[in-house]
Amino acid sequence: MKRSRTEVARWRMLRQSQRHRARWREGQSRRYGRIRAVRQQLTAQQLRRSILFVNQLPG
């Protein structure tokens, strides 16, 4: 069955917006992953520093 021009256009636009949303979501998750990794590194460093500090105290 042949589709009308408007139908084809509507379908294309829908597909395009879905693709755009999917790409945006993918980028967001990638960015969030990086932020999380950096935060984890920082907390690990703080933990190491605090352990070193506790070991240096006279006691």
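Since the structure is predicted, the reported quantities are computational estimates derived from the model, not experimental observations.
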Which pairs would a plain distance check flag for residues 32-47, meaning a side-chain donor or acceptor within less than 3.5 Å of a matching protein atom at least two apart in sequence or in another chain?
unit_1: T43; atom_1: OG1; unit_2: R39; atom_2: O; d: 3.3
unit_1: T43; atom_1: OG1; unit_2: Q40; atom_2: O; d: 2.8

Please tabulate, one pair per line, all N/O donor-acceptor pairs under 3.5 Å involving side-chain atoms of residues 1-16, not counting sequence neighbours.
unit_1: S4; atom_1: OG; unit_2: T6; atom_2: OG1; d: 3.3
unit_1: S4; atom_1: OG; unit_2: E7; atom_2: N; d: 3.3

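Across H20, R19, R25, a single residue satisfies side-chain contact (heavy atoms from CB on, under 4.5 Å) together with R23, and that is R19.
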